[in-house]
Amino acid sequence: MQQAKDVLIPLGTKNIDMVFKVSGRDGRLYQAYLGAKLVNIEEIGKLRDPGHIAYATYGTDNLFEPAIRMTHNDGNPSLELKYISHQVEKVDGDVSITHIRLKDPVYPVEVTLNFRTFADEDVIEQWVEIIHHESKPLTIFNYASSMLNFDANKYWLTQFHGDWAEEMRMQESELTSGIKIIDSKLGSRAHMYETPVFFLSLNGKSGENSGNVVAGTLGWSGNFQFLFEIDEKNSLRILSGINPFASEYSLQPGKSFITPSMIFTFSSLGKGLASRNLHHWALKYGIMDASKPRLTLLNNWETTGFNFDEKKLTDLIDDTKKMGLDLFLLDDGWFANKYPRNNDHAGLGDWQENTAKLPQGIGPLVKEAENVGVKFGIWIEPEMVNPKSELYEKHPDWILKLPNRPENYSRNQLVLDLTNPQVQAFVFDIVDGLLTKYPGIAFFKWDCNRMMTSAYSVYLKDNQSHLYIEYVRSLYSILEKLRQKYPHVPMMLCSGGGGRVDYGALRYFTEFWASDNTDPVERIYIQWGYSYFFPSIAVCNHITSWGKQSLKFRTDVAMMGKMGYDIQVKNFTENELKFSQNAIANYKRLSDIIWHGDLYRLISPYEENRAVLMYVNEAKSKAVLFAYTMNTRFGETFNRVLLQGLDPVKTYRIQEINLPPDGRNFNMENGRSYSGDYLMKTGLSVGFASPLTSTVLEISE
Ligand code: GLA
């Protein structure tokens, strides 16, 4: 019999190629290439070895971790996938979608691999759709969003881990043979301990500007898993997707199971370019309204906690105006009456204004904001309930908790069962109700302060293993509905600090709260960590009283992202107030470059006792550089820093900003002009050798 011909399915972006091959020999789909752009893709077709199976199944001849595993109606535990067809949709000049249909030759099961390629951003988004037409539901145990294969001598994994107030700690290690898993099992949030992002460097470790590196992140706000497996031939398989742990899924005939998106890029020039690729993608496609400006704000959480009244808040609204900020954000504590929200033990779930603190509700606050010319925002935590609440009393079956076992609390609260449509309507109504009553509300901080433990859904009955998946899907469907009605109200994503930061949620949110830890030295590391995968427009940084550093140091650290305040402005000295007003004015002048410019990380705090980074606008006519000295050893000197991303033939003037009001110019480069060429080859002296000092330089053509 004559063997069918191989079929090549190339997908690519400006600088990346990914090539699949259908083998004429066995009809299976293989990943033949993934990496830097090839001059001639056809050469891949000449390889005799088809490559690595593109989406490994379980039950026939695969001996390694499968991307997909299922049991059929008749109890047969195997799946085989053969190529059927593929189709390319050109969405516009930048975006194309390739669908590759695979089918089991014996059972009526179809799996489509989908790839959305972003040519200019060099990003690929992959997801998978599973559908079957057996007579009864079948069970799927594994359902990866993507499976990527690599052949290199060595593999270096960079991962980010942490805990509350210590988010995004970077760790790099060499992978060895066998399996390494990074995952979370927190249910209501993607992370707290392990973050759903990674770098994978091929052969040697990658640097900021050198090395072949893949950067990946999963767009899913719940349990995730990245599984790295090195086989006996030293080939690497990376499986990414929803964590299959305790989540076997019974799929109805004719119903699609659609996985979340795995978002990845490949850079042959190190992590810096990989980050910029992801940032470009996120600014255009990944984050809600990312091309629009953001609101600077004053929050009351750190200064009042739960203890406030109308007068205190009105004063803070006036301070918002005095500082030159855009919005006042009222945090936790404004609601609940039978069990007033005066601490974190009571009131969650009862979203009526607390009449003891706010006898006239929040109406007068919204009005006051309007009168003084600032906006008004409000905190909610709509997915949660305190046992001490009317909601708990009225709807015990709306709460995730195990039968026959004691309730298990975290921050004295429980999680609502979002899989229940009645609960979905309740959560929708919290936001909708507030916006209907007070159309002046211009911002929400949406919090989620606990993970799931001892969780059980009355609504899901016999399908308890669907809980982790359906919870997140339900959350998205609420957010989808809210966004249909309120497409542009900015919302901050928060999860007891940073803990739900992912591109699944960021489709509905304009920004996220990076950590409850606002000590600026800690923050340098935390913000540095996020900067690898998320653009600074989304990273909320507030100036607070955590840490004993100077106000300038705290301000300069917050300014490298989306700046805000959570501090007692009335305690400022005259000089501190002036300094802050000036810094806010500087920020407003430069924020477009910080939010939408290209990020260059110049000196890593993981390598020196300082951190230096800069943002450059698209025209390369304007840049902002931030330099922070954390700690210094006796006699330590800091070398000049080579700038990046400038135009070599342009001449730039260096101006130090955020200077204390006594008018001293600290930086010796202040006022000088240099060519971009000089700045990138000879560099600048930035910052000082004294601990806890900082410099911000405005660099203009
Ligand atoms: C979480 C958030 C904080 C604050 C409190 C309020 O911890 O991260 O910023 O909103 O909840 O209870």
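Whatever order the structure lists ligands and atoms in, that order sets their numbers, starting from 1. Just so it is clear, the values below take in all heavy atoms, side chains as well, and ignore hydrogens, waters and symmetry mates. Please read all numbers here as calculations on a predicted model, not as lab measurements. FYI, the numbering just counts along the sequence from 1.
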Report summary line: I380 and W334 have their tightest heavy-atom pair at CG2-CZ2, 4.2 Å

Query raised in the report: Under a 4.0 Å N-O cut-off, is there an ion pair linking D344 with R411?
Result: yes

Query raised in the report: If you count the atoms of ligand 1 from 1 in the order shown, which ones are under 4.0 Å from a heavy atom of K445?
Result: 3 (C), 4 (C), 9 (O), 10 (O)

Report summary line: For C494, the ligand 1 atoms with a heavy-atom partner under 4.0 Å come out as 2 (C), 8 (O)

Query raised in the report: Does any N/O atom on N449 come nearer than 3.5 Å to any N/O atom on ligand 1?
Result: yes

Query raised in the report: Where the closest heavy atom to atom 4 (C) of ligand 1 is concerned, which of D332, D331, T544, N517 has it?
Result: D331

Query raised in the report: With backbone taken as N, CA, C and O and side chain as the heavy atoms from C-beta onward, which portion of R411 lies under 4.0 Å from ligand 1: side chain, backbone, both, or neither?
Result: side chain

Query - Pick from D344, N300, N299, D516: the one approaching atom 7 (O) of ligand 1 most closely through a non-hydrogen atom - result: D516

**Report entry** Under-4.0 Å salt bridge between K271 and E172
**Finding:** yes

**Report entry** Under 3.5 Å side-chain donor-acceptor pair for S221 and Y476
**Finding:** yes

Query raised in the report: With no hydrogens and no angle check, do the side chains of N300 and D331 hold a donor and an acceptor under 3.5 Å apart?
Result: no

**Report entry** Under 4.0 Å to a heavy atom of W513 - the qualifying atoms of ligand 1, by number
**Finding:** 8 (O), 9 (O)

Report summary line: heavy-atom search around atom 11 (O) of ligand 1 in the protein gives D447 OD2, 3.0 Å

Query raised in the report: If we only count heavy atoms from C-beta on, is the R473 to L418 side-chain gap below 4.5 Å?
Result: no

